[in-house]
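Structure first, commentary second.
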2 protein chains.
Amino acid sequence: MTFQVYDTTLRDGAQREGLSYSVVDKLAVAQLLDEFGVGFIEGGWPGAVPKDTEFFRRARKELDLRHAVFAAFGATRRAGVAVDADPQVRGLLDAETPVVTLVAKADLRHVERALRTTPAENLAMIRDTVAHLVRHDRRVFVDGEHFFDGYRHDPAYGATVVETALAAGAERFVLCDTNGGMLPSQVTAVIADLTARTGVAPELLGMHAQNDTACAVANTIAAVEAGVRHVQGTANGYGERPGNADIFAVVGNLQLKLGLPVLPAGCLEQMVRVSHAIAEIANIVPDTHQAYAGAAAFAHKAGLHASAIKVDPLLYNHVDPSVVGNDMRILVTEMAGRASVELKSRELGLDLAGHPEALSKVTGRVKELEADGWSFEAADASFELLVRSELPGGAAPRPFALESYRVQVEHREDGAVVSEATVKIRVRGERVIATAEGNGPINALDEALRVGLSRHYPELLSFELADYKVRILEGSHGTGAVTRVLVETVDGAGNDWTTVGVHPNVVEASWHALVDALTYGLARTRV
Amino acid sequence: MTFQVYDTTLRDGAQREGLSYSVVDKLAVAQLLDEFGVGFIEGGWPGAVPKDTEFFRRARKELDLRHAVFAAFGATRRAGVAVDADPQVRGLLDAETPVVTLVAKADLRHVERALRTTPAENLAMIRDTVAHLVRHDRRVFVDGEHFFDGYRHDPAYGATVVETALAAGAERFVLCDTNGGMLPSQVTAVIADLTARTGVAPELLGMHAQNDTACAVANTIAAVEAGVRHVQGTANGYGERPGNADIFAVVGNLQLKLGLPVLPAGCLEQMVRVSHAIAEIANIVPDTHQAYAGAAAFAHKAGLHASAIKVDPLLYNHVDPSVVGNDMRILVTEMAGRASVELKSRELGLDLAGHPEALSKVTGRVKELEADGWSFEAADASFELLVRSELPGGAAPRPFALESYRVQVEHREDGAVVSEATVKIRVRGERVIATAEGNGPINALDEALRVGLSRHYPELLSFELADYKVRILEGSHGTGAVTRVLVETVDGAGNDWTTVGVHPNVVEASWHALVDALTYGLARTRV
């Protein structure tokens with residue numbers, strides 16, 4: 001039986017605190033999930049959520065998926081209502097998806113206390129709705145809500161729910177740990193008991209895990225080890241409370257640890273790109289420490305390790321990072337010392353091995369700056385400028401000298417908010433004064449600097465500030481509070497680089513990062 | 001045999017990217033870990049890391065722990081050196097801790113390729129060092145580095161390492177999944193094979209898991225289910241790459257799922273407080289989605305759930321949040337609607353149930369504002385002001401009216417960076433103009449506003465801006481980029497409240513949040 005990788009980023013994943021997708025966002029996420037090679041994309045609840053109805057309508061016309069088919073999510077018919085008279089069920093058919101996934105109550109307590117109907121009527125609702133959708137040529141999956149809690153409370157009723165759904169024509173019955181309280185050994189025990197009690201083959205079951213015990217991925221793997229061949233998850237583990245099983249870690253483990261080829265060839269190495277792109281669309285800072293996909297998932301910090309890694313990288317990584325599209329990174333930090341600085345420089349194409357004095361100076365300077373709150377871990381371009389400045393003949397030319405700047409934000413009497421900046425600089429012997437407005441103080445300063453430099457450096461017109469991050473480093477431990485700014489810049493040729501600035505004043509911190517960004521970009525285009 | 005909860009936040013946890021503790025930070029973290037009730041606190045590597053030597057010296061004098069004892073971490077003696085001539089080993093004794101934890105190579109490939117010595121000399125290094133420390137009255141734990149990878153490569157050598165360490169007098173041998181590549185079933189299989197092969201009781205073993213397969217917590221639980229009675233972890237799962245096993249989730253699962261009372265009475269409910277305080281000290285934004293300890297760990301968003309939760313909260317939470325010091329929260333979001341807004345208002349002590357029209361207005365206003373990038377999930381005070389403004393007679397009095405403000409940042413020719421703000425406001429019929437300096441533009445604006453208001457509202461002198469967070473919401477999806485600012489304010493009486501502001505201009509966004517903060521604080525003190 002084909003293994004089914006079923007993604008619910010767009011439905012259950014959207015329950016995450018702070019997350020909200022537009023229809024355009026959902027279309028872009030669906031495209032990315034297809035590129036990752038999942039077999040099923042649950043797009044939402046058509047009929048119940050207007051945005052989701054619209055999504056399915058546009059997806060049919062605008063998306064041409066290579067690997068995935070769409071599933072519409074919805075509920076069984078209402079109690080006491082004929083299935084063909086239930087508008088919610090009609091909404092599911094109207095979405096015109098090959099698959100419909102129905103949520104069904106599988107815990108007797110929820111049937112009685114939340115649904116407020118009888119155990120028998122709940123079974124009839126499942127039977128009627130599955131059969132109705134099958135008659136309309138849909139493949140039907142049934143999500144058994146609160147299945148594990150329910151089964152541990154009353155296994156007979158849980159087993160009957162599974163048998164009823166499958167007998168009515170459901171292709172798979174998905175065991176949901178809705179409250180997320182299970183451990184892997186409990187998942188194993190419930191599946192063994194259920195299959196023994198009912199004779200249902202585990203291949204007809206699916207697994208949907210939530211992460212409330214920090215075991216969602218492990219619970220999903222445990223279900224597969226028990227014979228289940230349908231797994232549900234969300235990109236980056238997004239979801240309500242601690243989230244859902246992270247589909248990237250689930251798939252990484254299935255392919256690389258259990259040797260199950262659950263994705264089409266060529267898809268696994270899209271993981272990092274797809275993970276980060278979805279985070280971008282969701283407007284959630286990517287978790288750098290995410291298993292497999294995180295920027296730090298293969299990043300080595302300890303000086304001890306950094307020296308040993310030179311000997312044999314695979315002794316220090318659980319898998320080759322490139323198989324999931326990730327890189328091994330060496331971090332520049334106070335704990336690492338010379339070995340890390342040297343390796344990191346080599347990554348950037350700079351040979352410090354032959355310059356032990358420069359290596360010492362760079363290591364010392366990095367330690368000093370990090371003590372003041374600087375961080376080069378995410379700012380390769382600033383780090384490269386620092387290394388170059390210590391290499392004989394390597395310093396990047398500073399494109400200008402600052403005399404002064406002034407930034408002003410006014411909230412005027414008429415309610416208008418206006419930002420304006422003036423820079424006074426020396427460029428190639430010429431004194432330049434330039435003023436510009438912006439939508440905020442940093443943007444105004446950036447604009448004024450570009451205006452001032454543009455006559456001498458027309459190439460910087462192709463640079464664009466792509467991202468701007470601010471972090472307040474708290475000053476409760478002796479040092480005053482400082483602000484750290486990271487600036488990501490792109491040019492027209494597909495290059496991007498990140499620079500850092502630190503100062504108690506956010507404007508001055510931003511200034512440092514902006515100047516590094518322009519210096520680095522200009523040095524690069526002139527090489 | 002007593003169950004051992006062993007924390008390595010201060011040593012292995014400090015390998016996390018971007019993390020750096022001062023000695024004062026480490027003392028504060030140790031105090032908190034003791035309050036959480038762990039039995040062992042690994043403080044660092046004395047002798048090798050000067051900061052750690054200093055830590056142990058000060059900890060002996062300054063800390064009076066109730067539950068925990070300190071462990072010094074270090075390595076076995078160097079190859080070819082007598083143990084009593086090895087300065088690194090002497091450094092471990094000099095730390096004067098009751099426990100020393102030795103890292104030993106347990107993977108033959110690492111012995112040969114990284115340590116570059118013979119299998120026999122590695123065993124001698126373990127034997128000599130353990131015996132030497134035991135002679136000096138230390139309890140010795142041995143961390144078998146890369147144990148699982150090594151055992152799967154060459155089980156005979158791994159087994160010999162375990163037997164050697166225990167025979168030399170080690171109290172526990174800790175199985176380390178250093179590269180983090182294991183799944184729970186593999187952990188179970190290795191422990192079963194090891195105990196069968198050697199006859200070593202599983203109670204003499206410990207477990208140290210890394211999270212590279214997103215299974216660190218599950219792997220730790222699997223080891224305990226296999227009989228292991230010593231678990232290692234770090235606060236919030238901090239550690240290299242994807243991190244270590246999160247000690248909070250491990251302990252939560254052991255106590256609440258397996259029924260093992262591994263902490264002293266009264267300690268489990270310190271979890272959330274300790275978790276967040278350590279994040280604060282580490283200067284890492286707490287993970288709101290962390291299992292058990294996260295602010296969103298028990299937060300319900302879906303409108304569906306929010307209505308059902310009114311019926312029976314325990315049907316929707318895997319454990320009672322209060323047992324780990326957490327709360328159930330209802331989130332205010334577009335997906336929730338009226339039920340969530342009503343429940344949330346009730347949490348704040350405001351009755352909207354009797355005012356259906358106000359409830360509709362608040363729900364509509366929240367939806368509008370959230371579409372513009374506002375978020376009330378973390379800003380209860382701003383939400384409360386919004387609700388009050390729709391309740392008959394409930395609006396908080398606005399303490400002033402704004403005419404205009406102006407903020408200026410100058411980088412002067414002498415290098416000085418100066419921030420200055422002027423506000424023009426009307427307070428109780430009087431026109432007030434006030435100017436102040438600050439260490440940045442927002443601080444200057446805050447100061448100027450306080451100066452302008454202080455004569456009429458002297459109580460705001462006790463308010464203090466405790467935290468300031470900035471988030472750039474990217475504008476790549478149709479809307480322009482906006483900045484969201486969260487301001488946390490405290491008063492002298494131990495109260496704190498959080499307000500939000502959103503605007504394309506960071507200064508104006510901050511202004512909204514600052515004004516809400518003062519309005520809320522003044523309304524509160526006048527009730």
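None of these values were measured; they are calculated from a predicted model. Chain naming here is simple, since letters A, B, ... match the order of the sequence lines and numbering starts at 1 in each.
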Between [options], which residue shows the highest count of heavy-atom pairs closer than 4.5 Å to chain B?
{"options": "A:Thr422, A:Thr188, A:Val423, A:Val417", "answer": "A:Val417"}
{"options": "A:Glu413, A:Gln186, A:Glu410, A:His318", "answer": "A:His318"}
{"options": "A:Val24, A:Asn443, A:Val506, A:Asn317", "answer": "A:Asn317"}
{"options": "A:Ala216, A:Gly440, A:Ala297", "answer": "A:Ala297"}
{"options": "A:His110, A:Lys424, A:Arg109", "answer": "A:His110"}
{"options": "A:Thr213, A:Val217, A:Val250, A:Asn439", "answer": "A:Thr213"}

Fill in: Engaged part of A:Leu256 at the chain B interface, taking heavy atoms whose separation is under 4.5 Å
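Neither part.
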Discussion item. Does any backbone or side-chain atom of A:Glu420 lie under 4.5 Å from a heavy atom of chain B? Answer side chain, backbone, both or neither.
Written reply: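 Contact with chain B is absent: no heavy atom of A:Glu420 under 4.5 Å.
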Worksheet entry | Heavy-atom side-chain contact between B:Pro441 and A:Val407 under 4.5 Å |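 The answer is no, as the side chains (C-beta and beyond) never meet within the 4.5 Å cut-off.
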Worksheet item: Can you find a pair of side-chain heavy atoms, one from A:Leu183 and one from B:Leu258, that are under 4.5 Å apart?
Response: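 They are in contact (side-chain heavy atoms under 4.5 Å apart), so the answer is yes.
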Once you round to the nearest 0.5 Å, how far does [atom1] of [X] lie from [atom2] of [Y]?
{"X": "A:Ile221", "Y": "B:Cys215", "atom1": "CD1", "atom2": "SG", "result": "6.5 Å"}
{"X": "B:Asp212", "Y": "A:Lys257", "atom1": "CG", "atom2": "NZ", "result": "8.0 Å"}
{"X": "A:Glu403", "Y": "B:Arg412", "atom1": "CD", "atom2": "CZ", "result": "14.0 Å"}
{"X": "A:Thr288", "Y": "B:Arg16", "atom1": "OG1", "atom2": "CZ", "result": "5.5 Å"}

Worksheet entry | Main-chain N/O of B:Leu315 paired with A:Asn179 side-chain donor or acceptor, under 3.5 Å |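 Here the side-chain-to-backbone pair exists.
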Worksheet item: Nearest heavy-atom pair of A:Gln290 and B:Pro242: which atoms, and what distance?
Response: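 Shortest heavy-atom separation between A:Gln290 and B:Pro242 comes out as O-CG, 4.1 Å.
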Practice prompt. Could you pull out the closest heavy-atom pair between B:Ala249 and A:Ala214, with the gap in Å?
Written response: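 Taking every non-hydrogen atom into account, CB-CB, 3.9 Å.
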Practice prompt. Heavy atoms only, distances under 4.5 angstrom: which of B:Asp414, B:Asn253, B:Val507, B:Leu402 has the most pairs with chain A? Name it, please.
Written response: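 Counting heavy-atom pairs under 4.5 Å, the top option is B:Asn253.
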Item to complete: For chain A, find which of B:Ser404, B:Ala245, B:Pro504, B:Ser419 contributes the most heavy-atom pairs closer than 4.5 angstrom.
Response: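 Top count of heavy-atom pairs under 4.5 Å with chain A: B:Ser404.
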Item to complete: Verify the ring-centre separation between B:His146 and A:Tyr316: is it less than 6.0 angstrom?
Response: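 Distance test on ring centres: under 6.0 Å, yes.
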Fill in: Aromatic ring pairing A:Tyr405/B:His411, orientation class (parallel under 30°, perpendicular over 60°, tilted between)
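Correct class here is tilted.
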